**Q** 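Quick one: the structure is below, and I'll ask about it shortly.
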Amino acid sequence: MSFDISIKIAGQAGQGIQSIAEILLKVLKLNGLHVFAYQDYMSRVRGGHNFMQVRISDSPVYSIKEDCNILVALDTNSVDVHRNEVPKGGAIIYDPHSTMVDSPDNRFIPIPMNNLAKEVGSPILSNTISAGSILALLDINKMDAEEFVKKQFAKKGEEVIEKNLKALERGYLYFLENFRSWKFTDIKAQKNNKLIMINGSEAVGFGAIAGGCQFIAAYPMSPSTGVFTYITGKAKEFNIISEQAEDEIAAINMALGASFSGARAMTTTSGGGLSLMAEGLSLAGVMEAPVVVVNAQRPGPATGLATRTGQEDLEYVLHIGHGEFPRFVFAPGHPEEAFYTTIHAFNLSDKYQVPAFILIDQYFADTYATAKEFDLNKVKAISSQPSAFSNDYKRYQITKSGVSPRAYPMQGDFTFIADSHEHTENGHITEDGEVRNKMVEKRFRKLKGMQKEFGKPTYYYGDKLVPSSFKKGKAKTVFLAWGSNYGVVRETVDYLKKQKRSVAMLHFNRIYPFPRKEAIAFLKGAKEIITVENNYQGQFGNILKAETGIEVDGKILKYDGRPFTVEYILKRI
Amino acid sequence: MSFDISIKIAGQAGQGIQSIAEILLKVLKLNGLHVFAYQDYMSRVRGGHNFMQVRISDSPVYSIKEDCNILVALDTNSVDVHRNEVPKGGAIIYDPHSTMVDSPDNRFIPIPMNNLAKEVGSPILSNTISAGSILALLDINKMDAEEFVKKQFAKKGEEVIEKNLKALERGYLYFLENFRSWKFTDIKAQKNNKLIMINGSEAVGFGAIAGGCQFIAAYPMSPSTGVFTYITGKAKEFNIISEQAEDEIAAINMALGASFSGARAMTTTSGGGLSLMAEGLSLAGVMEAPVVVVNAQRPGPATGLATRTGQEDLEYVLHIGHGEFPRFVFAPGHPEEAFYTTIHAFNLSDKYQVPAFILIDQYFADTYATAKEFDLNKVKAISSQPSAFSNDYKRYQITKSGVSPRAYPMQGDFTFIADSHEHTENGHITEDGEVRNKMVEKRFRKLKGMQKEFGKPTYYYGDKLVPSSFKKGKAKTVFLAWGSNYGVVRETVDYLKKQKRSVAMLHFNRIYPFPRKEAIAFLKGAKEIITVENNYQGQFGNILKAETGIEVDGKILKYDGRPFTVEYILKRI
Amino acid sequence: MENTNPFHYEGELSWCPGCGDFQILKSVEKALTSLNKKPSEVVLVSGIGQAAKLPHYMKANGFNGLHGRALPPAFGIKSFNRDLTVLVTTGDGDCYGEGGNHLIHAIRRNIDITVIVHNNQVYGLTKGQASPTSEVGMVTKTQPFGVVSLPFNPIAFAIAMDTPFVARSYSKDIDFTADLIKQGIETKGFALIDILQPCVSFNKINTYQWYSQRAYKLDNNYDPTNRVKAFEKSLEWGDKIPIGVIYRSQRQTYDETLDRLGIKPQVNSQPDLSKVKSLLSEF
Amino acid sequence: MENTNPFHYEGELSWCPGCGDFQILKSVEKALTSLNKKPSEVVLVSGIGQAAKLPHYMKANGFNGLHGRALPPAFGIKSFNRDLTVLVTTGDGDCYGEGGNHLIHAIRRNIDITVIVHNNQVYGLTKGQASPTSEVGMVTKTQPFGVVSLPFNPIAFAIAMDTPFVARSYSKDIDFTADLIKQGIETKGFALIDILQPCVSFNKINTYQWYSQRAYKLDNNYDPTNRVKAFEKSLEWGDKIPIGVIYRSQRQTYDETLDRLGIKPQVNSQPDLSKVKSLLSEF
Ligand SMILES: Cc1ncc(C[n+]2csc(CCOP(=O)(O)OP(=O)(O)O)c2C)c(N)n1
Ligand SMILES: Cc1ncc(C[n+]2csc(CCOP(=O)(O)OP(=O)(O)O)c2C)c(N)n1
Ligand code: SF4
Ligand code: SF4
Ligand SMILES: [Mg+2]
Ligand SMILES: [Mg+2]
């Protein structure tokens, strides 16, 4: 890591933080640089205080920093809130005409963005002006930015492109003309790095498409809407039926209907919506209907903090739905893992005819990160269903594996019933105690096969990921992480390693069926086990105890709706 | 226990099993005898195969037996299904004109109920005829029965009373005339035993009324409807608003609205309905709204076995609702405990401003048992809310106990907001991280107080109940029970004690906050811990492990929708 | 008919003897038979209730889901496989009570399905509580002081929602009901058929006699395409209750929209890998 | 007005500048002030959405519950304390989408509350998805090929449900809206007021200009008590959109039923112990 720069762009909702960040991030990516960008936004459309945190390096970056080298403050409040986060030698870019600054010191760089924008043609260009100035400050070649602007505004016509190019240039030159002496670091483009930049929502959505999703029904709810809109945007191209349901109850039940017809079906939601799906999830359990459910967590209870992050639904998802039935629960740690996990979720849900949950959270959904191009040959959408059936086909045939052959209507002359009651092999209502026992046992027999499937935990021991064949942990202190905390805990381990501490991370992507054997093997030698979670109760620690008897020695918890930072964790060990 | 008789009355839905049982049970109770009666019924209105199991003794009885001394078979199928359950010397009463019996042996007692009923006036009297014959067989004085008939049919007028009295006499005499030699045992009336006979639904409903319930909204669903109808039947008399909601979502949200206005509010439901309430329960969590939720369990998932019994929602109820919030979860073991527990649930929900769950099940709800008259002075409906407030009243004031003073509209000139978002002390939406932390911590601080409240587990060690001051378990083998399995496990302990085995039961009524200290103390000396549950996963065992680290040594599980018997448990140890 | 009825189911039916549900079952079979449908291309979707047991009592595909939730799976089933004939058999509680919101939005979507409501004005399966269509004053265990809410008028509601096909029938007239169901199936888009169905066990008010005295067939002069007139007709409920097609209209179906967009996924098909790969370039 | 408006709230409002919600807030305050209501006897109940934030922006009691679930708590609040004035402030998504089923049954129950729907024909708070009242063809991120479902007509629906008071307003006319709200509060029973409310951030179709060109006030000759005529009027939506009281009717309220039964529980009161004891004899 030869450089590691943090930028914060702060202002009100509606001021265009995202437009600035978009240009910046895309251009950095085109330069082969690694970026990591998190959005902190309020539950409102205009006003308030939002900000975007961007980290840039020539090596992969996995989390945000509390302080920043550069602050772009779009209003006075942003200066007040964030000026102390910029150390000496840092830069604070602001518009001297719209933003009041008390006693500016030499970190402050006034750029009259609004005036420059008006000069170039229109005040709405001020975001492009800012982007130009930031690029100049970072000493990034203007050419890539120009290329990006051309692509980005292609649909809007020549005039818009022209004006934005001008604005970019104006911002760039204004900076050079007035602040040439400013320079942070040697940012070197890594042009032969073939990177993609993707956020968690897109990674799950992209995975769903690669996993053969054919039907999505959902109801909008932050922070889950991103996955829904990503897939919906591609619906025509990928032959996907996408429907905005009237409520989450309809969403899950629509998905189950489509699943009955033979679709790879999914739904996306967040806390309150998940709760409304509880009964439908129980239906999936007894009907043995494959369905993929993405739950993007936010802090609760109820409406809670609608646009912020949390990991509070873990134990809930393990038990959601009345009655008992097996399920998959995944919690990927980074976009690449989310992509593959989603494909696996479709395949495994199909293979075992159980619901598969993917737990993400606001931090994960909205965070952009660069990654190597995903290898699309690694996983395929594979259906495990036979394609021919005899006329005495039994939907719920008792089998050794617990899995019955699954047919769809019109695959032959047979008929079948999918049923919400306890049922016979034919799907008809039964109250017979023995049949009931057989059906319960059949459903739970699947767990044996499910346990062996995709989803071993990742043991991160210093710079390298230990493959799952690595059978025993080596570190004295092991941090437990699940879901989105992969990155920040990984960087914590890196930091502590440099201090010669014997530390590792054990990250769980699959939480159910719980990888008991692996957890025990990796944790056996540890002197100290610390769980790192975005909730109050240390839920993963509870699950670990119930599943393995292993008790954690410490909990590092955060439940204020904001993501962890390495600094926060370090302060607590 | 000088006698212990089991009777099964079997036939189709609509044939009047309950009418026969009702006369029988009430008359036995009037004689000061202990009864225990369980209904096994199908999810249909007419036809099928239902039966009622009645046990009678001069000592309290707590469970059903698999075999029976007397079978009353109302149709041919009932003879086929149950004849093998009647040992030699037992009696099988049937109507020789409507019921086919292959090779009747000397257990069979033909009573031409239909013909006798017609003689007396109408075929619908055949149930009273049966009751008369059974009473004669049991050698119960006819007088009490006559008294009961008079009371029972009082509203229907003289003619109906007259006819039923005649029918009772006819059945009674017909038996004596034809089968005088039959006699089971010396049933001795215990006239000075002042007993009540009550089922689980009534006990909870009665407790709710005694606990000051003022508002109930619910949606019908077996097996929870009994609690709802009991309370609704008394609504006018006790000044209770009762409303059948359009769905369970409305039911819980109506209750929360009433709670806001100051009502002691409740709702009743079962599995699927509970799932639909999940979001509303989370709302109760963040709003800190008192509400009592009765969940009458039945086997799932989804519709499952709609009229049968199960204990499958335990882990679910501990975690239901997205986000994190404290709650009470109770699972009373017998009607008397249910009565007191319900009163406590109202008081504690009010005191701590958290939802209180009462978990019962179909077996519990529909089972009648005799008990000593409840002592109504033991528990009172006590509100912990202050009655005067200043004008700067803060609904969510941060306090040491975590409990804020709760006001209702129009208790003064102040106004306040109850809010589903994370909020300030004033109830206004906030996104402030520090306020959020304080509110989460405030809500969870309540747990400390809650832990000390009503609901220690019951350690049953032989004939006597050990008071909660009894600090250490003595038995080698401890059976764990929760909810409705109190009775059958208690009788199992009694049985094994007689065999000189060192056994005890530890029964949990309060499951959350989990009585950790008591559980550990009582289980410390045990060599063998066996959990007895009506589910597949041994859920209580899992909770015990997560809460205390104690692992059970054995699980005796039953998930076919039927209740345990002592015989079933004994076979599995 | 038995011989030529491919939908006949051999097993036991658990409805009460005399229940109007038997008649509706016959009508459904008749309608489908007359349209020469094959059991394998028909899906019966239901929630929970006595009415909702119907899919178990016919030889056809069935999706017997949750109480109140028949319409959403019906949408999923039909939109994914538009070659299927999808019927929803539901109760007044199932469809107008627990499931009311789905009815509103299913009509708006206008997917091509036929919804048959066994309207017995009571909750049958759960033993006699009031339903959304119960008469004011009806006494039950959960309404011991009598029903106070205004009965839901499904016909007026459906007309206000501009439902393409709105009909009422009386279960006792099997041929008439079968014909309405047939018309409903033939209608492109959403068809709602509300069927007066005596519940002999729990509804002691709206009995065979009560309905028989009141139900009358709309005559040929009645024009179901006039929305305002149809609305006026829908308010008729009392001594006379009109049965027949009360309202008809036409608008684009959800099926047609999907066809227009060219969206028609196939079972067990893989996504086009080259297309999937091309998405990478957008990141 | 500020001085004489006891409902004025001092804190910050998070709506977008120019949003119609500000106007509705003023209208509500005006209506309540003109009725001499005290803040402490008013409860504002809402679900979730921009509209649903209103209870935070007025000095009055508030119950800000779940998305789509404003009506059930409003029932609980009002039935238990019938001295309260209960207003529901809700959005088109909140009330007609997620909460549709409660609307059906709340109207049937006819509890005495006033429901104010901020109908901006879009999901504002979640950034611009279609709502149940969005126009066919409207393109959003979740309807990239345009809305296909028929917009929900709340007025026609409410008339079909025989709602005692049904009105439409346009947020820009604050006095007119305030007067309708006042009438709604004065109506015994359920009042539904659907208010056309421009969302300046996400609805680029139904703008101030769009509404201003179309909204017209019903004249004095219009008779809102004729149900069929009102229904006909409710179908008018296009170049001309009528605003005003569109329908009025009368029937027993839930409140009156409770009064008749003598059910009126008091806070912090104990059940009568002797009565409770007498129940024992029934077992
Ligand atoms: C979520 C849920 N709530 C309640 C029930 C219980 N339940 C089953 S059927 C039914 C009512 C059925 O009434 P209706 O739809 O009119 O059908 P009918 O039996 O009258 O034909 C109810 C309340 C349930 N199964 N699920
Ligand atoms: C159960 C649930 N689903 C979804 C959401 C997300 N959500 C919040 S507001 C809203 C839509 C609001 O639309 P509308 O009611 O029209 O209000 P507006 O913002 O337009 O005023 C949605 C979908 C939620 N909070 N809860
Ligand atoms: S209870 Fe009523 S609706 Fe149900 S089967 Fe019996 S008669 Fe039919
Ligand atoms: S998004 Fe629309 S409805 Fe919401 S505050 Fe802004 S303008 Fe108003
Ligand atoms: Mg019904
Ligand atoms: Mg809206």
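Nothing here was measured: the structure is a model prediction, and the numbers come from that model. Atoms considered below: every heavy atom in the structure, side chains included; atoms not considered: hydrogens, waters and symmetry mates. Quick note on labels: first sequence line is chain A, next is B, and so on, each numbered from 1.
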**Q** Answer with yes or no after comparing the ring centroid distance for Phe260(B) and Phe63(D) against a 6.0 Å cut-off, counting only values under it.
**A** yes
**Q** Under 4.5 Å from any heavy atom of chain B, what part of Ser46(D) do you find: side chain, backbone, both or neither?
**A**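 Ser46(D) has no heavy atom closer than 4.5 Å to chain B.
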**Q** With side chain to side chain contact (heavy atoms under 4.5 Å, CB included) as the test, would you mind laying out the steps for Asn377(B) and Lys277(D) before giving the verdict?
**A** CA-CA 10 Å; Asn377(B) 299 316; Lys277(D) 275 192 179 149; 3.7 Å; yes
**Q** Does Pro72(D) offer a backbone N or O that forms a donor-acceptor pair with the side chain of Asn253(B) under 3.5 Å?
**A** no
**Q** Between Pro265(D) and Phe238(B), is any pair of side-chain heavy atoms under 4.5 Å apart?
**A** no
**Q** Among Glu202(B), Gln385(B), Arg264(B), which residue forms the greatest number of heavy-atom pairs with chain D at distances under 4.5 Å?
**A**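 Highest number of heavy-atom pairs under 4.5 Å: Glu202(B).
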**Q** Looking at Ser79(D) and Phe215(B), what are the two nearest heavy atoms and their distance?
**A** OG-CE1, 3.4 Å
**Q** Mind telling me whether Tyr9(D) and His428(B) have parallel, tilted or perpendicular rings, with 30° and 60° as the class edges?
**A** tilted
**Q** Once rounded to the nearest 0.5 Å, what's the spacing between atom OG of Ser420(B) and atom CD1 of Ile48(D)?
**A**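 Answer rounded to 0.5 Å: 3.5 Å.
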**Q** Picking from Gly212(B), Ser383(B), Ala381(B), which has the most non-hydrogen pairs under 4.5 angstrom with chain D?
**A** Ala381(B)
**Q** Could you check whether any side-chain heavy atom of Pro73(D) comes within less than 4.5 Å of a side-chain heavy atom of Leu256(B), counting everything from C-beta outward?
**A** no
**Q** Less than 4.5 Å apart, side chain to side chain, heavy atoms only: is that true for Tyr230(B) and Leu279(D)?
**A** yes
**Q** Checking Gln270(D) against chain B: side chain, backbone, both or neither under 4.5 Å from a heavy atom?
**A** side chain
**Q** If only atom types and distance count, is the side chain of Asn239(B) paired as donor or acceptor with the main-chain N or O of Lys264(D) below 3.5 Å?
**A** yes
**Q** Quick check on Arg109(D) against chain B: is it the side chain, the backbone, both or neither that has a heavy atom closer than 4.5 Å?
**A** side chain
**Q** Can you tell which part of Glu282(D) gets under 4.5 Å to a heavy atom of chain B, answering side chain, backbone, both or neither?
**A** both
**Q** Please rank Ile209(B), Ile417(B), Val286(B) by heavy-atom pairs under 4.5 Å with chain D and give me the top one.
**A** Ile417(B)
**Q** Does any part of the side chain of Met410(B), heavy atoms only, come nearer than 4.5 Å to the side chain of Val42(D), both counted from C-beta?
**A** no
**Q** Can you tell which part of Leu258(D) gets under 4.5 Å to a heavy atom of chain B, answering side chain, backbone, both or neither?
**A**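 Only the side chain of Leu258(D) comes within 4.5 Å of chain B.
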**Q** Quick check for you: among Ala60(D), Gly62(D), Ala106(D), Ser14(D), which has the greatest number of heavy-atom pairs under 4.5 Å with chain B?
**A** Gly62(D)
**Q** Taking the side chain as every heavy atom from C-beta outward, state whether His105(D) and Gln244(B) have any atom pair closer than 4.5 Å.
**A** no
**Q** Are the side chain of Lys29(B) and the backbone of Phe283(D) linked by a donor-acceptor contact shorter than 3.5 Å?
**A** yes
**Q** For Val276(D) and Ala210(B), which heavy atoms make the closest approach, and how far apart are they?
**A** CG1-CB, 3.9 Å
**Q** If I take atom CG from residue Leu280(D) and atom CD from residue Glu373(B), how far apart are they, to the nearest 0.5 angstrom?
**A** 5.0 Å
**Q** Could you pull out the closest heavy-atom pair between Gly427(B) and His56(D), with the gap in Å?
**A**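 Closest approach of Gly427(B) to His56(D), heavy atoms only: O-CE1, 3.3 Å.
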**Q** Against chain D, label Ala263(B) side chain, backbone, both or neither, depending on which of its atoms sit under 4.5 Å from a heavy atom there.
**A** both
